[in-house]
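For reference, the structure is listed below as structure tokens.
This chain uses plain numbering: 1 for the first residue, then up along the sequence.
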Amino acid sequence: MYGDGIVVDVRTGPKGVALRRALYAGIAAIAANGVNLVADDVLHQRDVLHAAVETLAATDVLFVGLRLPFETAEQRERDRGDRGPGGARLFFDRVHAHGVYDLEVDTSVSSPEVCAIAIKERLQSGQQRHAFRTLTREFRESSV
């Protein structure tokens, strides 16, 4: 919702969550057929995150958090010029509220290429991917 051109809140309703669940099911199907892919999403709401985790639970997911300082997020929002102001403020804490990632990269100090190399190295390292398993347990214990 916008008030005087400023984003004041954004919520995904039941049909939106169902749509996102279908998107995640498609991602899982592609991965199950041996295709590696990158899915970029803003998981700003607990039930949307739950839909992603639940739907992709059987998929080998590397959950990557893109971090940056709040001021940088606001500046990027202004520089884009294609959305109302306030989205950066609204989403900044929400998208990381779950606090669990397999890898975090800071896009304010690392170029897209450096971030991609960090992700590639993490994928090739053989380290366990734990974020979605941890979140699955948390959702079970809290019953969303």
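- Minimum heavy-atom separation, S142 to R46: OG-NH2, 3.0 Å.
- The shortest non-hydrogen separation linking T55 to A25 is CG2-N, 3.4 Å.
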Worked check of side-chain contact (heavy atoms from CB on, under 4.5 Å) between T59 and Y24: CA-CA 10 Å; T59 307; Y24 305 138; over 6 Å; no
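- A distance of 5.0 Å separates CD of E74 from CZ of R89, quoted to the nearest 0.5 Å.
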Listed pairs under 3.5 Å, donor-acceptor, residues 63-72 side chains, sequence neighbours left out:
unit_1, atom_1, unit_2, atom_2, d
R67, NE, E104, OE1, 2.7
R67, NH2, E104, OE1, 3.4

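- Between the side chain of E77 and the backbone N or O of P85, no donor-acceptor pair lies under 3.5 Å.
- For the side chain to side chain donor-acceptor pair (under 3.5 Å) test, no residue two or more places apart in sequence or in another chain qualifies with T12.
- H50 contributes atom NE2, which lies 13.0 Å from atom CG of L43 (distance to the nearest 0.5 angstrom).
- Following chains of ILVMFWY side-chain contacts shorter than 4.5 Å, one can reach V35 starting from V61, so the two form part of one hydrophobic cluster.
- In this view, A116 satisfies the side chain to side chain contact (heavy atoms under 4.5 Å, CB included) rule with no residue, not counting sequence neighbours.
- Cluster annotation: I117 and V114 are assigned to distinct hydrophobic clusters (Ile/Leu/Val/Met/Phe/Trp/Tyr, side-chain heavy-atom contacts under 4.5 Å, transitive).
- Partners of D82 by side chain to side chain donor-acceptor pair (under 3.5 Å), not counting sequence neighbours: none found.
- Cluster partners of V109, using a side-chain heavy-atom cutoff of under 4.5 Å among ILVMFWY residues and allowing indirect links: none.
- A pairwise comparison of heavy atoms in A29 and N33 identifies O-ND2, 2.8 Å as the closest pair.
- Under the 4.5 Å side-chain contact rule for hydrophobic residues, L37 and L23 share a cluster.
- Residues passing the side chain to side chain contact (heavy atoms under 4.5 Å, CB included) test with T134, sequence neighbours excluded: V100, H130, R137, E138.
- Smallest separation of non-hydrogen atoms from A118 and V105: CB-CG1, 4.2 Å.
- To the nearest 0.5 angstrom, Q124 atom CD is 12.0 Å from I119 atom CD1.
- Take R129 and apply the side chain to side chain contact (heavy atoms under 4.5 Å, CB included) test, not counting sequence neighbours, and it matches D60, L62, D102, R122, L123.
- Listed by chain and number, the residues in a side chain to side chain donor-acceptor pair (under 3.5 Å) with H98 are Y101 (sequence neighbours excluded).
- When hydrophobic clusters are built by joining Ile, Leu, Val, Met, Phe, Trp and Tyr residues whose side-chain heavy atoms come closer than 4.5 Å, directly or via intermediates, L19 is not grouped with V48.
- Contact between F92 and A73 at its shortest, heavy atoms only, is CD1-CB, 4.2 Å.
- For Q75, the side chain to side chain donor-acceptor pair (under 3.5 Å) criterion is met by R78, D79, not counting sequence neighbours.
- Residue pairs meeting the salt bridge (charged side-chain N to carboxylate O under 4.0 Å, His left out) criterion with at least one partner in residues 15-34, sequence neighbours excluded, are R20-D41, R21-E54.
- Remark: L49 CG to R94 CZ distance equals 13.5 Å, nearest 0.5 Å.
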